[in-house]
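Counting starts at 1 for both ligands and their atoms, in listed order. Here, residue 1 is the first one in the sequence, and each next residue gets the next number.
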Amino acid sequence: MSKKLKIGILGGGGILGAHAPGYTRLTDICEVIVAETDVSRHDSIRKLLGDEVEIVGDYTEVLANKDVDAVDIILPHHLHVTAAIAAAEAGKHVLTEKVMARNVYECDQMIEACSKAGVSLTVCHDRRYNTDWQALKHIVDSGELGEILFWKLEHNQNVVFPEKSWVRYKDKLGGGAIMSCLTHQIDSLRWYGGEIDSVTSMSKVEESRMEGESIGAIIARMQSGALALLSINWYTQSHQAPDGLWYEFNHVTGTKGEAYFMSGKGTYVKIHDSQSKLFEYDMKGEGGFVKVEPQDDLTGHQRCIDEWVKSLRGEAANIVTSGTDSRKTVEVAEAAYRSEESGMVVKLPIAPLPWR
Ligand SMILES: NC(=O)c1ccc[n+]([C@@H]2O[C@H](COP(=O)([O-])OP(=O)(O)OC[C@H]3O[C@@H](n4cnc5c(N)ncnc54)[C@H](O)[C@@H]3O)[C@@H](O)[C@H]2O)c1
């Protein structure tokens, strides 16, 4: 493909800081145009993408541009469904940030619109493209941990948004921290350990922060039989304090070994009898855990954008977050909310219901 791709980035807020470095390294094969209604953000967009970058207001201006081949949706969650459908109808391929949409009903509308228009639908679940998270997947897939018994995935952040921010409103966020951000952990769990059979969940709202829950926990039974515990705590400063804990933590226990990823530390594995074909062990090390060195220093967002651009150019691409797959992540979060409402364990699949 010789012609440069033209990508419309819909939204120029906080997460553009992670997407922009994905595009600035690909300027020989693609150019971008950004839609951002808040003009006070235009300077920071120029800082990230260069002074010459084309910036317009409402995203519909980008969709009306015939030269745009594809769009990268980084808008508030309640706009993902409308923007994705409009983009598909305008013949643009779609990449959307997580979370795909507020519920499975909206995900289905997006999938149907893209399928009808013959355009691709990909979700930027960046953890699946992050080298340390991929290392953990590689360990699990090797089979060296034996039968997987237990997963523990945690997400810790101190989330305080200004009063008018969309994040504070259930209707715009699609709920609270579980739908917004524990979906990183749900998505990774499904990728690592296969599909989820059933969930039970509880959460805690702290009204000074937001309408939806700031804290939540899900217990899941995997189809494999393993158990999983996922938690989100948006009311902690654990990873910010110099002597604090962690931002994200994924731990897997198998009959023959264990492995974990911890933010700021990397990915580690321990095979209990140290008989490994894949990993070299120095069992004198404390606890016998061995670090798996990262392959490269690309961020998850950069690799996701790399693979997506390859796919748009018709090249072989490793897309591991299609719309149909990511829908199942939203389904688990929605099932968690239904579990809390009913006080019951909820078995998947669930019936789609319109947003209310
Ligand atoms: N992967 C991650 O770790 C991660 C982290 C943060 C956010 N995100 C995701 O990124 C997405 C955006 O989040 P954010 O933090 O950047 O939010 P944000 O509020 O900072 O940015 C959203 C931007 O969209 C703009 N916008 C709203 N309506 C528009 C319209 N009609 N046309 C053009 N622009 C419009 C807003 O003015 C705002 O600048 C969400 O899906 C969020 O979950 C992902």
Side-chain angles (χ1 to χ4, degrees), residues 8-22 32-46 48-49 54-65 68 71-87 94-102 106-107 110 122-130 132-133 155-170 172-188 210 212 232 234 239 247-248 263 299-305 308 321 323 326 329-330 333:
I9 303 179
L10 313 188
I15 202 62
L16 182 65
H19 284 240
V32 298
I33 170 174
V34 183
E36 173 52 64
T37 43
D38 182 351
V39 290
S40 74
R41 290 191 140 163
H42 289 192
D43 272 350
S44 65
I45 295 170
R46 284 189 197 97
L48 288 166
L49 289 161
E54 194 179 348
I55 307 176
V56 296
D58 195 84
Y59 73 77
T60 49
E61 285 185 57
V62 167
L63 301 186
N65 185 328
V68 171
V71 295
D72 178 358
I73 300 173
I74 52 173
L75 294 165
H77 299 162
H78 67 297
L79 298 177
H80 287 192
V81 61
T82 331
I85 293 172
V94 176
L95 173 70
T96 181
E97 250 298 337
K98 69 83 207 161
V99 55
M100 183 174 169
R102 296 176 298 181
E106 292 183 347
C107 293
M110 293 162 77
T122 308
V123 179
C124 184
H125 265 297
D126 61 287
R127 272 53 167 184
R128 291 200 190 196
Y129 299 91
N130 175 294
D132 282 326
W133 293 57
H155 190 120
N156 295 311
Q157 256 181 302
N158 184 23
V159 174
V160 192
F161 277 92
E163 212 144 292
K164 292 271 157 56
S165 167
W166 61 275
V167 177
R168 282 188 171 248
Y169 301 96
K170 263 178 140 173
K172 295 187 169 158
L173 194 63
I178 290 177
M179 183 59 84
S180 183
C181 239
L182 192 59
T183 36
H184 280 306
Q185 279 59 43
I186 295 170
D187 189 66
S188 305
M210 51 197 270
I232 186 148
W234 265 8
H239 73 292
Y247 164 43
E248 287 175 302
S263 310
T299 66
H301 281 100
Q302 283 175 323
R303 199 187 317 279
C304 177
I305 287 165
W308 182 58
T321 50
S326 301
T329 290
V330 173

(Q) Within ligand 1, which atoms have a heavy atom of His80 less than 4.0 Å away? (A) 41 (O)
Q: For atom 11 (C) of ligand 1, find the nearest protein heavy atom and state the residue, atom name and distance (0.1 Å precision).
A: Leu75 O, 3.7 Å
**Q.** Main-chain N/O of Gln185 paired with Arg127 side-chain donor or acceptor, under 3.5 Å
**A.** no
**Q.** Aromatic contact, Tyr129 with His301 (centres under 6.0 Å)
**A.** no
Q: Would you mind checking which non-hydrogen protein atom is closest to atom 25 (C) of ligand 1, with the distance to 0.1 Å?
A: Glu36 OE1, 3.3 Å
Q) Any heavy atom of Pro76 sitting closer than 4.0 Å to ligand 1? A) yes
Q | Closest protein heavy atom (residue, atom, distance) for atom 13 (O) of ligand 1 | A | Trp166 CZ2, 3.7 Å
Q) Closest non-hydrogen protein atom to atom 38 (C) of ligand 1, residue and atom name please, with distance? A) Arg41 NH1, 3.1 Å
(Q) Give me the nearest non-hydrogen protein atom to atom 1 (N) of ligand 1 as residue plus atom name, then the distance to 0.1 Å. (A) Asp126 OD1, 2.9 Å
Q) Looking at Gly13, which atoms of ligand 1 are within less than 4.0 Å of one of its heavy atoms? A) 16 (O), 20 (O), 21 (O), 23 (C), 39 (O)
Q: Could you tell me whether Lys98 approaches ligand 1 through its side chain, its backbone, both or neither, with non-hydrogen atoms closer than 4.0 Å?
A: both
Q. Would Met100 and His80 count as a side chain to side chain contact (heavy atoms under 4.5 Å, CB included) if you check the C-alpha gap in whole Å, the side-chain angles of each, and the deciding distance to 0.1 Å?
A. CA-CA 7 Å; Met100 183 174 169; His80 287 192; 5.9 Å; no
Q.
Only heavy atoms of Thr37, strictly under 4.0 Å: list the atoms of ligand 1 that pass.
A. 26 (N), 29 (C), 30 (C), 32 (N), 33 (C), 34 (N), 35 (C), 37 (O)
Q. Mind checking whether Leu79 has an N or O less than 3.5 Å away from an N or O of ligand 1?
A. no
Q. At their closest point, which heavy atom of Met110 faces which heavy atom of Ala84, and how far apart are they?
A. CE-CB, 3.7 Å
Q | Ala101 backbone acceptor or donor facing His77 side chain under 3.5 Å | A | no
**Q.** Heteroatom proximity flag, Ile74 to ligand 1, N/O under 3.5 Å
**A.** no
Q.
Below 4.0 Å from ligand 1: does a non-hydrogen atom of Arg127 turn up there or not?
A. yes
Q) Hey, does Gly300 sit under 4.0 Å from ligand 1 if you only count heavy atoms? A) no
Q: Flag the pair Asp187 and Arg128 as a salt bridge only when some basic side-chain nitrogen lies within less than 4.0 angstrom of an acidic carboxylate oxygen.
A: yes
Q) Among all protein non-hydrogen atoms, which one is nearest to atom 32 (N) of ligand 1, and what is the separation to 0.1 Å? A) Tyr59 N, 3.1 Å
Q. So, does His125 use its side chain to make a donor-acceptor pair with the main chain of His184 at under 3.5 Å?
A. no
Q: State, to 0.1 Å, how close Val62 and Ala35 come at their nearest heavy-atom pair, and which atoms those are.
A: CG2-CB, 3.7 Å
Q. Among all protein non-hydrogen atoms, which one is nearest to atom 20 (O) of ligand 1, and what is the separation to 0.1 Å?
A. Gly14 N, 2.9 Å
Q: Identify the two heavy atoms, one from Ile186 and one from Thr329, that lie closest to each other, and give their separation to 0.1 Å.
A: CG2-O, 3.9 Å
Q. If you measure from each heavy atom of Leu10 to ligand 1, is any distance below 4.0 Å?
A. no
Q | For the student: nearest non-hydrogen atoms of Gln157 and Tyr247, plus distance | A | CG-CE1, 3.6 Å
**Q.** Distance filter under 4.0 Å to His184 heavy atoms, resulting ligand 1 atoms
**A.** 1 (N), 2 (C), 3 (O)
Q. Of the non-hydrogen atoms in Arg41 and Gly13, which two are nearest, and what is the gap between them?
A. NH1-CA, 3.4 Å
Q: Starting from atom 16 (O) of ligand 1, find the nearest protein heavy-atom neighbour and note its residue, name and distance.
A: Ile15 N, 2.9 Å
Q: Give the atoms of ligand 1, by number and element, whose distance to some non-hydrogen atom of His77 is under 4.0 Å.
A: 40 (C), 41 (O), 42 (C), 43 (O)
**Q.** Ala35 neighbourhood, listing ligand 1 atoms whose heavy-atom distance to it stays under 4.0 Å
**A.** 33 (C), 34 (N)
Q.
I'd like to check which ligand 1 atoms, numbered from 1 as shown, lie under 4.0 Å from a non-hydrogen atom of Asp38.
A. 37 (O)
Q.
Check this for me - ligand 1, Asp58, N or O atoms closer than 3.5 angstrom, yes or no?
A. yes
Q: Keeping the roles fixed (side chain from His42, backbone from Glu36), state whether a donor-acceptor pair exists under 3.5 Å.
A: yes
(Q) So does Gly22 get a backbone contact from the side chain of Gln302, meaning a donor-acceptor N/O pair under 3.5 Å? (A) no
Q. What's the shortest heavy-atom distance between Ser180 and Leu173, and which atoms?
A. OG-CD1, 3.5 Å
